Amino acid sequence: MSTRLPRSRPEWLTFGVSAGVVMAMVALIAVQAVGTFEPAAPTADRVGETREIGERFVVDVEVTNRGDEPAQNVQVVGSIIEDDEVVESGDQFIDFLAGGETVLLSFVFDRDPDATGPGEDVTQFSVTSYATP
Amino acid sequence: MPHRTASASWASEGRDLVRAGSGGLLVGIPLLYTMEVWWIGATASTSHVLAALAIAYLPVVALNRTSGFRTSKDVRLSDAMMDAVEALAVGVLSAAGLLVLLREITLQTPVRSALGKIVYEGMPFSLGIVLARHFLSGDADASRPSKETSKRRAGSAGAPSAALSQSTADIGGSLLGAVVIAFAIAPTDEVRAISSALSPLRLILIVVVSLVVSYGIVFEAGFGSQTNRHEHAGIMQSPVSETMISYLVALFAAWAMLQFFDRTPPGTPWFATLSQVVVLGLPAAVGGAAGRLAV
């Protein structure tokens with residue numbers, strides 16, 4: 001192992017670029033600290049058309065945390081309601097949802113969520129609970 | 001005063017940076033496959049992230065004075081401090097690159113979450129970088145074979161039995177290193193979570209990165225037995241063939257570990273199995289490279 005020689009030009013270049021990277025990181029983090037932080041606010045919205053797979057129906061749902069703080073254990077429930085009664089439902093958990101993050105979920109139903117009949121089926125998707133870490 | 005030529009300086013600096021990245025991978029890659037670290041990074045407040053970056057700097061400076069990633073020892077505090085900045089930068093860039101490769105950071109990831117993940121994942125990388133020389137110490141410049149050495153090697157490829165023995169040791173080292181690093185990752189949900197979100201193109205990228213990283217650790221980072229490795233005889237005598245064969249060994253080890261933990265039960269689609277093997281194959285390849293240096 002040799003004693004350290006004076007820094008060469010490549011070493012100075014590496015240091016310059018590295019210092020730039022670290023300073024950019026610090027600046028970006030500092031910028032994120034400026035402003036107000038809204039609490040977590042996850043919401044569920046249906047997206048796209050219903051897809052038929054075999055005899056079942058798949059509906060995609062986007063869950064977005066519209067707040068700035070993260071949410072954990074986000075529970076999303078999808079229900080088909082007929083005559084004010086839930087005739088089919090399913091639920092899913094999202095382990096972690098950062099502020100501003102969106103996750104795509106798919107719900108699978110036996111009934112056609114778009115079918116309209118005498119009872120006027122209604123499909124609902126909602127966030128029913130979440131934890132704030 | 002001793003001095004280096006310009007080309008030697010650039011080459012030496014390149015090897016120092018490869019060594020830094022290699023050391024970072026050896027320590028950082030297990031935590032890269034830990035979703036709790038992703039979450040901690042994503043949930044941490046900006047003040048915590050800044051504090052983590054500042055706190056990480058202190059042990060990195062201290063370790064630079066005793067170890068570091070360069071072949072020469074840092075005797076001056078100013079050098080240790082400057083190298084520590086480089087270690088932090090290489091650490092966060094390595095972590096960021098791998099998080100993007102594994103799709104834990106995408107264009108949809110909020111900036112704040114991405115920064116937190118990068119800093120928290122980059123910390124173990126930075127520690128690994130400054131411990132690089134301690135892990136598998138050696139002198140890069142001294143370990144690079146001369147043309148005369150290469151000629152001598154070509155003229156004495158070794159007896160067949162010695163070649164076979166060396167190849168067996170290399171394969172054994174790869175297998176052992178792959179298991180040591182990847183065994184703790186194999187049973188986790190992270191492998192399945194990461195692999196399920198990857199496209200075929202992304203998997204090919206992971207294969208390429210695994211091969212490049214494996215090659216870099218063994219043949220470019222200037223770790224201890226680099227000279228010996230260049231002089232190896234046997235079916236793994238050339239750097240390219242050794243890297244390829246070792247990667248296949250790492251993939252086999254990854255597949256075997258997934259089987260052991262029943263992560264790819266019968267009926268699992270072949271592409272899902274392949275995806276998991278390739279995802280676990282990255283840490284296995286890193287471990288395999290370290291294992292070959294250890295034998």
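Predicted, not measured: the structure shown is a model, and the values here were computed from it.
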- Smallest heavy-atom separation, B:Arg112 atom then A:Asp68 atom, equals NH1-O, 3.3 Å
- Message: Please classify the contact of B:Ser113 with chain A as side chain, backbone, both or neither, using a heavy-atom distance under 4.5 Å.
- Response: side chain
Which atom pairs, donor and acceptor, lie under 3.5 Å between side-chain atoms of residues 54-62 of chain A and protein residues at least two apart or in another chain?
{"from": "A:Arg56", "atom 1": "NE", "to": "A:Asp110", "atom 2": "OD1", "distance (Å)": "2.8"}
{"from": "A:Arg56", "atom 1": "NH2", "to": "A:Asp110", "atom 2": "OD1", "distance (Å)": "3.1"}
{"from": "A:Asp60", "atom 1": "OD1", "to": "A:Arg51", "atom 2": "NH2", "distance (Å)": "2.7"}
{"from": "A:Asp60", "atom 1": "OD1", "to": "A:Ser106", "atom 2": "OG", "distance (Å)": "2.7"}
{"from": "A:Asp60", "atom 1": "OD2", "to": "A:Arg51", "atom 2": "NH2", "distance (Å)": "3.0"}

- Task: Return the set of residues passing salt bridge (Lys or Arg N to Asp or Glu O under 4.0 Å) with A:Arg46 (not counting sequence neighbours), or none when no residue passes.
- Result: A:Asp114
- Item | Nearest-0.5 Å distance that lies between atom CH2 in A:Trp12 and atom CE in B:Met82 | 3.5 Å
- Heaviest contributor of heavy-atom pairs below 4.5 Å to chain B, chosen from A:Ala24, A:Ala19, A:Pro10, is A:Pro10
- Query: Checking A:Pro70 against chain B: side chain, backbone, both or neither under 4.5 Å from a heavy atom?
  - Reply: side chain
- Query: Contact part of A:Thr102 toward chain B, heavy-atom cut-off under 4.5 Å: side chain, backbone, both or neither?
  - Reply: neither
- Query: Please walk me through it: do B:Trp39 and A:Asp95 pass side-chain contact (heavy atoms from CB on, under 4.5 Å)?
  - Reply: CA-CA 9 Å; B:Trp39 296 346; A:Asp95 289 330; 3.6 Å; yes
- Query: For the atom pair CG (B:Leu17) and OG1 (A:Thr14), what is the distance rounded to the nearest 0.5 Å?
  - Reply: 4.5 Å
- Salt-bridged, A:Arg7 to B:Glu86, with N to O below 4.0 Å? yes
- Query: In this structure, which one of B:Val49, B:Leu115, B:Thr46 forms a side chain to side chain contact (heavy atoms under 4.5 Å, CB included) with A:Leu28?
  - Reply: B:Leu115
- When rounded to the nearest 0.5 angstrom, what is the spacing between CG in A:Leu13 and CD in B:Glu13? 8.0 Å
- Query: Picking from B:Val111, B:Val92, B:Leu50, B:Leu88, which has the most non-hydrogen pairs under 4.5 angstrom with chain A?
  - Reply: B:Leu50
- Reported NE2-to-CD1 distance for the pair B:His48 and A:Ile29, which is rounded to 0.5 angstrom: 13.0 Å
- Measuring heavy-atom distances to chain A, does B:Val85 have an atom under 4.5 Å in its side chain, in its backbone, in both, or in neither? both
- Query: Just wondering, more than 12 heavy atoms not from B:Met35 lying within 6.0 Å of its CE?
  - Reply: yes
- Could you give the distance from OG (B:Ser45) to CD (A:Glu69), rounded to the nearest 0.5 Å? 8.5 Å
